[in-house]
Every structure is written in structure tokens, then in C-alpha cells.
Peer 1: 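Just dropping this structure here.
Side chains included, hydrogens not; waters and symmetry mates left out as well; all remaining heavy atoms used.
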Amino acid sequence: MNPTQSYKNRSPPANTKRTSRFRPTTIHLLENDILCIIFSFLDFFDLVRCSVVCTSWNALIKNSKLLQLLYLKQHQLESNGINNGELEETISGFIEELAMKHHKEALVEPDFVYIDKWKGHSLGLFSIRIDQCRMKMGLLLTGVGDKVIRMWSIESYKCVEEYSIPNAFSLADFDFDESKIVGLIGTRLCLWRRNGKTSTFLLHEGTHTKGLCMRYSDPEAVIGCDDGTAHVFDMYSKKCSNIIRMHNEPVTCLALGDDQLILGGSSLGRITVSDYSCDQIATLKPTDSLGIKTLCFDPRTYQVFAGTAGGYASCWDLRMMRRLWQTRVSPNVIYSLQHLSTDKSTLVAGGIDGVLRILDRNNGDVLTSYIIDQDAASSSSGYAHGAIERRIGVKLLSETDIDQIPRSFRPSITCLAVGMKKVVTTHNSNYIRVWKFKK
């Protein structure tokens with residue numbers, strides 16, 4: 001027998017596994033010293049971004065003190081005599097300032113604006129209209145109008161959690177944190193644990209007060225009611241701890257501070273400042289009496305921002321109890337006004353005319369306005385739960401041209417949430433949109 005032929009026909013041992021001749025090369029095969037050399041060529045912002053890619057990179061960059069060395073080099077400082085704790089705190093503040101600078105540049109002067117749209121809610125043959133969204137910790141919560149609340153990954157657009165609303169009730173408002181979702185349904189509060197368990201209880205036994213809006217800050221939920229009161233509930237005891245007279249007219253929107261501060265907007269344009277234990281502290285009165293539609297409070301600066309039914313945006317300093325500015329940024333209703341929690345320079349506004357506006361927090365000026373590009377073609381891609389349509393956003397060159405733009409390219413924005421270089425919008429339809437600003 002030919003020895004070569006015999007070898008070719010020979011079977012491998014039973015316990016031997018076949019291995020591929022070529023193994024895929026990954027970044028994890030590089031030694032730490034080589035990674036440090038690569039990281040040393042990066043600028044400060046890119047190095048920070050690398051530090052949040054994975055746990056191993058974060059540990060490597062932290063242990064090698066690359067960020068500290070680069071910061072000292074850029075600022076021409078000597079490491080001698082600098083306390084490590086103070087240096088880390090200074091660098092942390094610098095990183096935040098740098099991130100917010102990039103965020104503002106992306107919102108105001110982007111190179112590209114991508115708008116991803118997908119069908120977030122539907123029920124059988126019927127389209128469900130959703131008009132509320134909340135975004136935290138890389139998660140997006142949507143609902144109001146549907147019989148379910150859905151939690152989405154803001155990166156993959158995948159539905160990661162779903163919560164059913166009790167029959168015979170409609171969801172009015174909701175909020176969430178790491179462990180629970182709190183919803184206002186009719187005259188009841190509903191609590192969903194993130195493990196799926198649900199409990200409901202009455203707003204206030206023996207009354208017929210209707211809740212219009214709600215904000216939640218663990219452990220209290222505050223409900224704004226149609227009789228002008230705000231009901232404060234302890235989520236653990238499930239009891240109403242206080243009822244505060246905010247207005248004589250309905251409370252249309254709420255905002256909460258870190259130190260038990262409650263701000264309530266009314267249907268006649270007033271803003272009342274109170275706390276959990278007493279009645280009114282002060283009343284702020286914008287010039288627009290058509291009604292406050294949205295409130296946004298920054299506990300770091302003690303500034304509150306309001307959007308009205310007449311298209312006005314205003315800013316108040318609660319330490320001095322005076323208005324800093326007020327300007328009409330839209331010819332129609334402003335439904336939502338928000339900012340990134342650490343951003344001190346920009347606000348994002350959306351309303352009935354469907355224009356996404358970026359405002360200057362210091363004076364209320366409109367820095368940039370965006371709509372969907374009418375001339376750019378759309379693209380579509382599939383994913384596990386449906387299809388994503390991508391459009392291009394374009395700057396609105398003149399506010400006088402709004403009425404000439406078809407409503408399909410500027411659907412009314414009923415709610416928005418702001419993330420790092422992105423804005424999520426809902427439109428009283430079954431679609432969700434994510435605006436991504438690329439610089």
C-alpha cells in the first residue's frame with residue numbers, strides 16, 4: 001500500500017478535535033503594554049471614550065494614569081504637590097465640561113443628522129398612538145395611548161421589557177428608575193417592578209380627583225390633578241402623605257427638585273413653587289396666559305424652564321425668584337422642553353409644528369431648527385422586532401417657510417427626551433424617532 005495513500009485515508013483519533021488553521025485576531029490578544037502605546041497617541045476626549053468601551057480598557061487606562069498624565073501635559077502642570085484625590089476630581093469636571101462641549105457642537109453644527117424611525121406600538125389591525133417617552137441609563141420608555149408600556153434599548157432599538165396596563169384604565173403619565181416603573185392611570189397609581197410584578201392603588205380613597213400629570217423621585221410620586229392640587233404619595237407605604245393646593249385651575253405639568261421641591265404649571269399660565277410638606281412658596285407668572293404645557297428643572301443651577309401653549313419659552317432663577325428671559329420660539333404650542341442633565345448651554349424644544357429646535361439656555365435664542373429632509377431618499381433595514389427607516393435631518397433655513405413644508409416631514413412632537421448627541425421624539429402616532437447628531 002502506498003504510504004501516502006494510507007496516511008490520507010487514516011482517521012483521526014476519536015478524542016482529537018479539529019482546530020482551524022487560522023484563528024480570528026481580536027484586540028484582546030494585544031498585551032497591555034502595546035495597548036498603552038496605542039492609547040498614548042489619542043487625544044483626551046478619545047481616550048475618555050476608550051475608557052468606557054469595556055471593563056478591561058477602563059482598568060488599564062485608570063491604572064496606567066494615562067488620563068492624569070495627558071491632562072497635566074495639556075495644562076502644563078507638574079504632578080509634584082498635587083493631591084491625587086483633588087486631581088481626579090478636577091479631571092472628572094474637565095471630562096464633563098469637554099463632553100458637554102462636544103454635545104453642544106453636535107446639536108448646533110452637526111455634519112450629519114440621521115433620523116431612525118420604527119413602529120414602537122401596535123395592537124392587531126389597529127395602530128396605537130403614543131405621545132410620551134422617558135429616557136434614562138441607555139433605556140427608553142414609551143407609552144400613553146396603548147395598553148402596554150415598552151422599554152427599549154436606545155442603541156439596538158430592541159424591546160427589552162413590556163408591561164401591561166390594567167383593563168378599563170388609560171395611562172396618563174409615567175416615570176421609571178433602576179428598579180421600578182410608576183404609572184398614573186385614571187385615579188390610580190400603578191407600580192411595575194422590573195421583575196414583572198404589578199400592584200395598583202387608589203390616588204386618594206373617597207375622592208374623584210383626576211390625575212393629569214405625574215413625576216416620580218424615589219420614594220415619592222407627585223400627581224398633578226384637575227382640581228389644582230398636587231398629591232404626594234409614598235411608594236413604599238402606598239399612602240398619600242400630603243395634598244398641596246398648587247392652583248385654582250388644573251395642574252398641567254410638574255417638575256421635581258432634589259430637595260423636595262415641587263413645581264407645578266397651570267392651565268392659566270402660572271407656575272407654583274412648593275415643597276412636600278407645605279403649601280405655596282412662590283408663584284411665577286409668565287406673560288403667556290394660554291397655559292404651561294411643559295416644565296424642566298435643573299437642580300444644579302436652580303433654573304426652571306417652561307414651554308407654553310402660545311409658543312413661548314421662559315427661564316426663571318428660583319434662588320432670586322425672578323425671570324431671566326422669555327422669548328417666543330414657536331408660532332404654536334410647545335409640548336416638550338428638555339436638556340441633558342449636565343448640559344448648561346442648550347435646551348431642546350418640540351411642539352405642534354413638528355420642528356425640533358435647539359435653544360440657547362442663556363437667553364432663549366433659537367440656535368438651530370431641524371426637520372426631515374424632503375429631498376433625501378430614505379433607507380430601511382430589518383431587525384428582530386421590525387424594520388427601521390432612516391431619513392436625513394436638515395436645518396430649517398427660515399421660520400417663515402414652515403407652512404410650506406408638508407406635515408409628513410414635520411409631524412407634531414408631543415414629547416422628547418435628550419441624550420448625548422441624540423434626541424428621542426414621539427408624535428401621537430405608533431412611531432418612535434431617534435435623531436442622531438454626528439460631528
Peer 1: Would you call Arg194 and Asp177 a salt bridge, using N to O less than 4.0 angstrom?
Peer 2: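 Salt bridge flag = no for Asp177 with Arg194.
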Peer 1: Count the heavy atoms of every other residue, nucleotide or ligand shown that sit under 6.0 Å from NZ of Lys117, and state whether that count exceeds 12.
Peer 2: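 More than 12 heavy atoms, drawn from other residues, nucleotides or ligands, come within 6.0 Å of this atom.
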Peer 1: Only one of Arg300, Lys101, Lys344 passes salt bridge (Lys or Arg N to Asp or Glu O under 4.0 Å) with Glu96; say which it is.
Peer 2: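 Among Arg300, Lys101, Lys344, the one that satisfies the salt bridge (Lys or Arg N to Asp or Glu O under 4.0 Å) with Glu96 is Arg300.
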Peer 1: Compute both the distance and the angle, then confirm whether Lys438 meets the cation-pi test with Phe112: under 6.0 Å from the six-membered ring centre, within 45 degrees of the axis.
Peer 2: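 Lys438 over Phe112 ring: no.
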Peer 1: Do Asp131 and Tyr335 come close enough that some side-chain heavy atom pair is under 4.5 Å?
Peer 2: no
Peer 1: Can you tell me if Tyr216 and Asp173 form a side-chain donor-acceptor pair at under 3.5 Å?
Peer 2: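 No, no side-chain donor-acceptor pair sits under 3.5 Å.
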Peer 1: What residue among Thr425, Asn428, Thr426 forms side chain to side chain contact (heavy atoms under 4.5 Å, CB included) with Cys415?
Peer 2: Thr426
Peer 1: Would a 4.5 Å heavy-atom cut-off, applied to side chains only, mark Tyr370 and Val348 as touching?
Peer 2: no
Peer 1: Any pair with a residue in residues 249-258 that passes salt bridge (Lys or Arg N to Asp or Glu O under 4.0 Å), sequence neighbours left out, goes on the list, sorted by first then second residue, please.
Peer 2: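 Found Glu249-Arg270.
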Peer 1: With sequence neighbours left out, write down each residue that passes side chain to side chain donor-acceptor pair (under 3.5 Å) with Arg322, or none if nothing qualifies.
Peer 2: none
Peer 1: What residues form a ring pair (Phe, Tyr, Trp, His ring centres under 6.0 Å) with Tyr276, not counting sequence neighbours?
Peer 2: none
Peer 1: Students often mix this up, so state it plainly: with edges at 30° and 60°, are the rings of Trp325 and Phe305 parallel, tilted or perpendicular?
Peer 2: tilted
Peer 1: Using ring centroids (six-membered ring only for Trp), state whether Trp192 and Phe176 fall under 6.0 Å.
Peer 2: no
Peer 1: Is Lys395 paired with Glu109 through a side-chain N to carboxylate O contact shorter than 4.0 Å?
Peer 2: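 A salt bridge is present here (some side-chain N lies under 4.0 Å from a carboxylate O).
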Peer 1: Is the shortest heavy-atom distance from the side chain of Glu178 to the side chain of Met137 under 4.5 Å?
Peer 2: yes
Peer 1: So, using side chain to side chain donor-acceptor pair (under 3.5 Å) as the criterion, who are the partners of Ser369 when residues are at least two apart?
Peer 2: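 With neighbours one apart ignored, the set is Glu399.
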Peer 1: May I ask you to say whether Arg361 pairs ionically with Asp343, meaning some side-chain N is under 4.0 Å from a carboxylate O?
Peer 2: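 Between Asp343 and Arg361 there is no salt bridge, as every charged N stays at least 4.0 Å from the carboxylate O atoms.
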Peer 1: Any ion pair linking Arg319 and Asp317 (charged N to carboxylate O, less than 4.0 Å)?
Peer 2: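 Here Asp317 pairs with Arg319 in a salt bridge, since their nearest N and O are under 4.0 Å apart.
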Peer 1: Would you mind listing every salt bridge (Lys or Arg N to Asp or Glu O under 4.0 Å) that reaches into residues 324-340, with sequence neighbours excluded?
Peer 2: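 Those involving residues 324-340 do not exist here.
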Peer 1: Could you tell me if Arg245 and Ser274 have a donor-acceptor pair between their side chains, going purely by distance under 3.5 Å?
Peer 2: no
Peer 1: Check whether any side-chain heavy atom of Ile244 sits under 4.5 Å from a side-chain heavy atom of Val222, and report yes or no.
Peer 2: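 No, side chains not in contact.
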Peer 1: How would you list, by chain and number, every residue that makes a side chain to side chain donor-acceptor pair (under 3.5 Å) with Glu162, sequence neighbours excluded?
Peer 2: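 With sequence neighbours excluded, Glu162 shows a side chain to side chain donor-acceptor pair (under 3.5 Å) to Arg150, given in chain and number order.
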Peer 1: Would you call Lys422 and Asp116 a salt bridge, taking side-chain N to carboxylate O under 4.0 Å as the test?
Peer 2: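 Salt bridge flag = no for Asp116 with Lys422.
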